[in-house]
S.K.: 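Quick one: the structure is below, and I'll ask about it shortly.
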Amino acid sequence: MLYPALAGGSHTFDELELHELAIEFEDKPPQELISWAIENFHPKLYIAFSGQAEDTVLLDMAWRINPEVRVFTVDTGRLHEETYRLIQEIEERYNIRIELYFPSAGDVEELVKKHGINCFYRTVELRHLCCHIRKVRPLLRALSQVDAWITGLRREQWASRQNIMKIEVDHDHGQIVKINPLADWSERQVWEYIKKNNLPYNKLYEMGYRSIGCEPCTRPVAPYEDPRAGRWWWEKDAPKECGMHCSIETGGFEKIADKLIKEEKDGHKSS
């Protein structure tokens, strides 16, 4: 499988070469990796933005390299008001337009009609289904437009992220290139960059949040708690992931969602 380098270039990368590049960039600052990504993939390169502190850092770094960088977000329809305010603040500060992707209205209607407006509190499977409809499907549409994307994933965030590399092949999203420039950064380094450069950030952090997602599924955490303890806090022994970043080895989210969707379709046929 070859992964094209765009922006007028004729070079292509195979998976082995990408793996070697990941090793090469392991000890380099994130700006160098972002510069490489922009040089090789822009304009078919997206920066993911969800209102997290890491996303603002990456956007600022990329914008300093190329002010025409493309940024996208998935608006689930259940985000915090503070996240919407941050999006507007970011757009005004950098003079960019964040490209928004929304879930299918029909899919959301069917979900709510069959399972209720807050069904995700009832079972882990229904929470996965909600995430799949509101997050994963819009993400798939967004990533089908590009050849590479940049994320704010860091290894210390959660056990499922400890082995991420700075450059990967995204097997869950059409084999595009996934770039994680902050993989080896600590939470402290993220905030040091924000303060040093006076960057805007989500005001939820001032209220005790340390990981931000949808409003009903996120809460503040105590100083001694893991940052992701505030995500889906009512669940017991369930992965603190929504399926947007699950790897091919651990990605059971789509299978669960497909199972529930099939059951719904079978139910419609028999009724």
Side-chain angles (χ1 to χ4, degrees), residues 6-7 28-102 134-135 138-139 141-143 145-154 157 166 178-215 218 220 227 230 244-245:
L6 299 178
K28 292 191 168 66
Q31 290 92 334
E32 288 193 31
L33 178 52
I34 294 169
S35 181
W36 171 86
I38 291 173
E39 179 183 351
N40 284 282
F41 295 104
H42 180 78
K44 300 203 75 173
L45 170 73
Y46 259 151
I47 298 174
F49 186 88
S50 63
Q52 310 268 12
E54 292 85 354
D55 305 334
T56 305
V57 169
L58 289 171
L59 191 158
D60 183 78
M61 290 177 174
W63 183 84
R64 292 170 187 267
I65 297 166
N66 184 343
E68 296 183 357
V69 290
R70 298 179 65 192
V71 185
F72 84 99
T73 193
V74 171
D75 183 350
T76 65
R78 303 295 300 262
L79 301 181
H80 295 262
E81 175 59 27
E82 287 81 0
T83 300
Y84 292 117
R85 291 177 183 172
L86 176 63
I87 289 173
Q88 183 174 352
E89 188 177 359
I90 288 286
E91 290 185 331
E92 292 172 354
R93 171 168 176 148
Y94 294 99
N95 192 30
I96 64 171
R97 180 67 66 193
I98 295 178
E99 301 176 43
L100 281 89
Y101 289 83
F102 300 90
R134 291 183 181 272
K135 291 184 173 184
L139 177 68
R141 290 205 325 271
L143 297 184
Q145 312 297 313
V146 296
D147 291 319
W149 65 313
I150 295 175
T151 85
L153 295 183
R154 294 185 296 106
Q157 286 172 329
K166 290 193 173 181
K178 187 173 185 177
I179 300 154
N180 310 304
L182 303 180
D184 58 342
W185 270 34
S186 65
E187 186 179 19
R188 179 179 177 179
Q189 285 176 287
V190 171
W191 283 102
E192 284 176 348
Y193 185 95
I194 287 174
K195 292 173 182 176
K196 178 181 178 181
N197 295 281
N198 193 29
L199 301 187
Y201 59 86
N202 200 316
K203 295 303 181 280
L204 290 172
Y205 286 109
E206 297 177 354
M207 305 175 198
Y209 289 78
R210 291 176 67 194
S211 181
I212 298 168
C214 290
E215 189 277 332
T218 316
M244 296 179 85
H245 294 292

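Quick note: residue numbers are just sequence positions, from 1.
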S.K.: Find the distance between CD1 (I87) and OH (Y84) and round it off to the nearest 0.5 Å.
M.R.: 7.0 Å

S.K.: What's the spacing between L59 CG and R64 CZ if we round to 0.5 Å?
M.R.: 11.0 Å

S.K.: Would K195 count as a cation-pi partner of Y193, with NZ or CZ less than 6.0 Å from the six-membered ring centre and within 45° of the ring normal?
M.R.: no

S.K.: Could you walk me through whether K203 and R85 satisfy the side chain to side chain contact (heavy atoms under 4.5 Å, CB included) test, starting with their C-alpha distance in whole Å, then the side-chain angles of each, then the deciding distance to 0.1 Å, before giving a yes or no?
M.R.: CA-CA 9 Å; K203 295 303 181 280; R85 291 177 183 172; over 6 Å; no

S.K.: Examine distances only and state if a side-chain atom of D147 and a backbone atom of K44 form a donor-acceptor pair shorter than 3.5 Å.
M.R.: no

S.K.: Would you indicate whether E32, at its atom CD, is surrounded by more than 12 heavy atoms from other residues, nucleotides or ligands within a distance under 6.0 Å?
M.R.: yes

S.K.: Measure across E54 and R154 and return the closest heavy-atom pair with its distance rounded to 0.1 Å.
M.R.: OE2-NE, 2.8 Å

S.K.: Applying side chain to side chain contact (heavy atoms under 4.5 Å, CB included), run through E82 and I212 and close with a yes or a no.
M.R.: CA-CA 10 Å; E82 287 81 0; I212 298 168; over 6 Å; no

S.K.: Looking at CG of L153 and CG of N180, how far apart are the two atoms once the value is rounded to the nearest 0.5 Å?
M.R.: 5.0 Å

S.K.: Search all heavy atoms of W185 against all heavy atoms of V190 and return the closest pair with its distance.
M.R.: CE3-N, 3.8 Å

S.K.: Looking at side-chain heavy atoms only, is the closest gap between W36 and I179 below 4.5 Å?
M.R.: yes

S.K.: What residues, two or more places apart in sequence or in another chain, satisfy side-chain hydrogen bond (donor to acceptor under 3.5 Å, both in side chains) together with T83?
M.R.: N202

S.K.: Using the salt bridge (charged side-chain N to carboxylate O under 4.0 Å, His left out) rule, collect all pairs that involve residues 86-98, keeping only residues at least two apart or in two chains.
M.R.: E91-R97

S.K.: Should L100 and F102 count as side-chain neighbours, where that means a heavy-atom distance under 4.5 Å?
M.R.: yes

S.K.: Is the shortest side-chain heavy-atom distance between E99 and Y46 below 4.5 Å?
M.R.: yes

S.K.: If you look at every heavy atom in R70 and L45, which pair is closest and at what distance?
M.R.: CB-O, 3.5 Å

S.K.: With M61 as reference, evaluate L33, I34, I150 under the side-chain contact (heavy atoms from CB on, under 4.5 Å) test and give the passing residue.
M.R.: I34

S.K.: Where do E192 and K196 land on the salt bridge (Lys or Arg N to Asp or Glu O under 4.0 Å) test, with the steps shown first?
M.R.: CA-CA 6 Å; E192 284 176 348; K196 178 181 178 181; over 6 Å; no

S.K.: Kindly indicate, with the supporting measurements, whether the criterion side chain to side chain contact (heavy atoms under 4.5 Å, CB included) is fulfilled by F49 and L86.
M.R.: CA-CA 11 Å; F49 186 88; L86 176 63; 3.7 Å; yes

S.K.: Report, as yes or no, whether the 6.0 Å neighbourhood of atom CD on E81 holds more than 12 heavy atoms from other residues, nucleotides or ligands.
M.R.: yes

S.K.: Can you tell if the side chain of K28 reaches within under 4.5 Å of the side chain of K166, non-hydrogen atoms only?
M.R.: no

S.K.: Would you say the side chain of T218 lies within less than 4.5 Å of the side chain of S211, judging by non-hydrogen atoms?
M.R.: no

S.K.: Taking all non-hydrogen atoms of both residues, which atom of A53 and which atom of I194 are closest, and how far apart?
M.R.: CB-CD1, 3.6 Å

S.K.: Hydrogens and angles aside, do Q52 and Y205 bring a side-chain donor and acceptor to less than 3.5 Å of each other?
M.R.: yes

S.K.: Between atom CG of N95 and atom CD1 of I90, what is the distance when rounded to the nearest 0.5 Å?
M.R.: 13.0 Å

S.K.: Heavy atoms only: give me the nearest K135-C214 pair and the separation to one decimal.
M.R.: CE-SG, 4.0 Å

S.K.: Shortest non-hydrogen contact from T151 to L58?
M.R.: O-CD1, 3.2 Å

S.K.: Determine whether V71 and W63 satisfy the following criterion, side chain to side chain contact (heavy atoms under 4.5 Å, CB included), listing intermediate values before the conclusion.
M.R.: CA-CA 10 Å; V71 185; W63 183 84; over 6 Å; no

S.K.: What distance separates N198 CG from D60 CG, expressed to the nearest 0.5 Å?
M.R.: 10.5 Å

S.K.: Can you list the residues that meet the salt bridge (charged side-chain N to carboxylate O under 4.0 Å, His left out) rule with D75, with sequence neighbours excluded?
M.R.: none

